[in-house]
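Working notes, beginning with the structure itself.
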2 protein chains.
Amino acid sequence: MSVPEAGAKPPTSSDVARLAGVSRSTVSYVLNSPPGVRVSAQTRERVMLAVRELGYAPSAPARSLRSGNSDVVLFPLPLQPMGQLLEAFIDELTEALNRHELSLLIHADRTSRGADAARQWAALRPLAVMAESNRLTGGAVDVLKRAGVRAIFAWGREEHPDVPTAIFDNRDTGRVAVRHLIDRGHRRLACLVPSGPLAFLGEERWAGAQAAAEDAGVSLRRVDVGYVREDVLAIVRQWQRESEPPTAVFAGNDDFALMIISALRECGWSVPDDMAVVGADDLPFCDLVWPRLTSVSMHTRTMGSGASDAITTLIRGRDYRPGGRMVVHPRVVVRESG
Amino acid sequence: MSVPEAGAKPPTSSDVARLAGVSRSTVSYVLNSPPGVRVSAQTRERVMLAVRELGYAPSAPARSLRSGNSDVVLFPLPLQPMGQLLEAFIDELTEALNRHELSLLIHADRTSRGADAARQWAALRPLAVMAESNRLTGGAVDVLKRAGVRAIFAWGREEHPDVPTAIFDNRDTGRVAVRHLIDRGHRRLACLVPSGPLAFLGEERWAGAQAAAEDAGVSLRRVDVGYVREDVLAIVRQWQRESEPPTAVFAGNDDFALMIISALRECGWSVPDDMAVVGADDLPFCDLVWPRLTSVSMHTRTMGSGASDAITTLIRGRDYRPGGRMVVHPRVVVRESG
DNA sequence: TGTAACGACCGACACGTGTCAGTAGCGCAT
DNA sequence: ATGCGCTACTGACACGTGTCGGTCGTTACA
């Protein structure tokens, strides 16, 4: 067994056939064992031996050229903004797909969208594509369908008009958070709306929070705030000067919940007695701080396997029926802070 | 322009050629414009029009079958444990590779390793593979080399014997943290060693911390601790009963730093006056809490572009020379907590 | 008028695989 | 002796692409 050089030419099934003293077709039959084909035990063994000897791996490009598509589920992912939230989702999706002999491929590019992006994705001839909803615009779906992609899914905050969408509706997040606080008896509420790269998240959560407050006839004030500690401290100082400050705050996300709790204690207020605080995202540290942080969780893990089911169904049976609407229902994980 | 069905057969360059009234070769020349080939402007335009009309995207499998390899840099990634730390690294790597017309593909499978895994990766015929060091065992490297992979890299905590490795040495992390505390004048130190899924990280950081303390002749105690809040509280209570408790603690990671700061204040101690605290990983919340959290940062972003440079160098020029050793030097980001 | 050079395009091949149709060998019933 | 069915295998084709060599028409020059 000679030492291979990097960049060498890969061994082909012809090499294996030659070494095993059989035809190339036989090699293919041994490796794929299609229904209704018999190969004698000793031939099979000779082939497998040659495979191992050469370190042969069938060329995925060639197979998918031949078969028309691959075993790839493509997940174009902008890693930047959604990192923590999507991790469990991807994790579960991966495992579920692996169980079906499919492999998840995460294509990490953040730049392209629309038809251009679709052409890039289509070039890989994947079985399925699960893309962010707002990147599937301007004919992107058509390009993918034309390219033979069997299942097209969207995920994100907006439902896609033509494609089943896994909806992370952040209005719901705001809604359940505020409803929880109202159920706890609070009547004067505040909602932090963070600026910065994830501002859109804050806006949506605010919208849901506002709706919930209106429904219940409870006062809710909007507080815009930058992603720095001093802003949060200023807000608390302001509240301290008021005669009727809020008694509970939905912080918009866990980072801000952490900040505002720190700020409150810095100013001598206690949580949750003087002020209840609810975060969102259910990050790991929610369980690790004093007081433990009540937060809104999207059980994205469950959703991962759900998405996998949908994908495999669409791939196997070929009735492609848009309109399935998977909504992630957020729920409040009640801890000590509110 | 008819409505395409999902699962349709993708258009080929022959379709484009037919529609444009030229030969297939001409289509290929228009799309790739190889050196020394001329195509008239009007022909070119007719072809491009047909391309758009059909939504044609050249089949990546077919191209890489023809050319022998793809434009893919494969990154087999177990998303689970390293999430936050790797995010910036991947982010930067993606952008750097995109600049070279290469695309990063993250293959999310956690199960396989060694030669089996290598065969799976090799099947894609990628240009380069950047895998976790401890998965490149048992002939995996040979399989990849045999499969024509031009550049093989490892990343992780151990240097790979045969392959350039990007080393995240967590002993260094412990070392710089403790050295920082010593420089600040502390002489009685503690180091938290977390249990749980990331225990190995804690062990390495502890090893480095211990070495730094020994070098300086300073006392450092090891404190094993579970990933729950109560353990941390118990530790602080224990310290309060001692006559000469530590004056500074390296918490092992940012989560524990957060916990121990909370616990300390719960018990009436102030940070950093009564106890200095240093975390590690430099998570986003370090800047958002009171007091701001001093932490050890690995500037993985820089490393991403470094890795990209190495990869492209190895791919373009074909002199493959193992032994390059990229070490990520951690550095202390000094804030208020210690 | 002959021919050389050149621009613009085309035909044919190879890449590695899966699979269909076919064949050689053999036992067995007619 | 002939035909049939079965096992175990092989030969040949198609998948979609990039590229080499070749051809056809036009222009330039002697």
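Any value given below was found using the heavy atoms of this structure, including those in side chains, with hydrogens, waters and symmetry copies removed. In the text below, chain A, chain B and the rest are named by the order of the sequence lines, each starting its count at 1.
Looking at His160(B), its side chain does come within 3.5 Å of a backbone N or O of Asp162(B) through a donor-acceptor pair. Distance alone, capped at 3.5 Å, is enough to place a donor-acceptor pair between the Thr165(B) side chain and the Val163(B) backbone.
Rounding to whole angstrom units, CZ of residue Arg38(B) and P of dT26(D) are separated by 20 Å. As rounded to whole Å, 7 Å separates atom P of dT19(C) from atom CG of Asn32(A). The OH-P distance, from Tyr56(B) to dG18(D), rounds to 6 Å in whole Å. Between the CZ atom of Arg66(A) and the P atom of dG18(C) there is a distance of 9 Å, rounded to whole Å. For the pair Arg46(B) CZ and dC9(C) P, the computed distance is 8 Å after rounding to whole Å. Counting to the nearest Å, the P atom of dT7(D) and the CZ atom of Arg44(A) are 14 Å from each other. The distance between atom CD of Gln42(B) and atom P of dA8(C), rounded to the nearest whole Å, is 10 Å. In this structure, Asp15(A) atom CG and dC15(C) atom C1' are separated by 13 Å, rounded to whole Å.
For Ser40(A) and dC9(D), the shortest distance from a side-chain N or O to OP1 or OP2 is below 4.0 Å. Between Ser59(A) and dT17(C), a side-chain N or O to OP1/OP2 separation shorter than 4.0 Å is absent. Phosphate contact (OP1/OP2 of dT19(D), side-chain N/O of Ser28(B), threshold under 4.0 Å): absent. Of the side-chain N and O atoms in Ser23(A), one or more sit less than 4.0 angstrom from OP1 or OP2 of dT10(D). Residue Tyr29(A) has no polar side-chain atom (N or O) positioned under 4.0 Å from OP1 or OP2 of dT7(D). For Ser13(A) and dT17(C), the shortest distance from a side-chain N or O to OP1 or OP2 is below 4.0 Å. Of the side-chain N and O atoms in Arg63(A), one or more sit less than 4.0 angstrom from OP1 or OP2 of dG18(C). Put simply, Thr43(B) has a side-chain N or O that comes within less than 4.0 Å of OP1 or OP2 on dC9(C). Checking the phosphate oxygens (OP1, OP2) of dG16(D), no side-chain nitrogen or oxygen of Ser14(B) falls inside 4.0 Å.
A salt bridge does not link Asp142(A) with Lys145(A): none of the charged nitrogens is closer than 4.0 Å to a carboxylate oxygen.
Between Val149(B) and Pro126(B) the shortest side-chain heavy-atom distance falls below 4.5 Å.
Contact annotation for Ser64(B): no contact, since no heavy-atom pair falls under 4.0 Å across all strands. If you check every strand for non-hydrogen atoms under 4.0 Å, Val22(B) touches sugar and phosphate atoms only. Nucleic acid contact class of Pro58(B) (heavy atoms, under 4.0 Å, all strands): sugar-phosphate only. If you check every strand for non-hydrogen atoms under 4.0 Å, Thr12(B) touches sugar and phosphate atoms only.
Looking at Ser25(B), its side chain comes within 3.5 Å of the base of dG11(C) through a donor and an acceptor atom.
No side-chain donor-acceptor contact under 3.5 Å links Ser67(B) and Ser64(B). Between Ser28(B) and Ser25(B), the side chains place no donor N or O within less than 3.5 Å of an acceptor N or O (distance only, hydrogens not considered).
Counting only heavy atoms from C-beta on, Arg24(A) has its side chain closest to dG18(C) among dC15(C), dT10(D), dG18(C).
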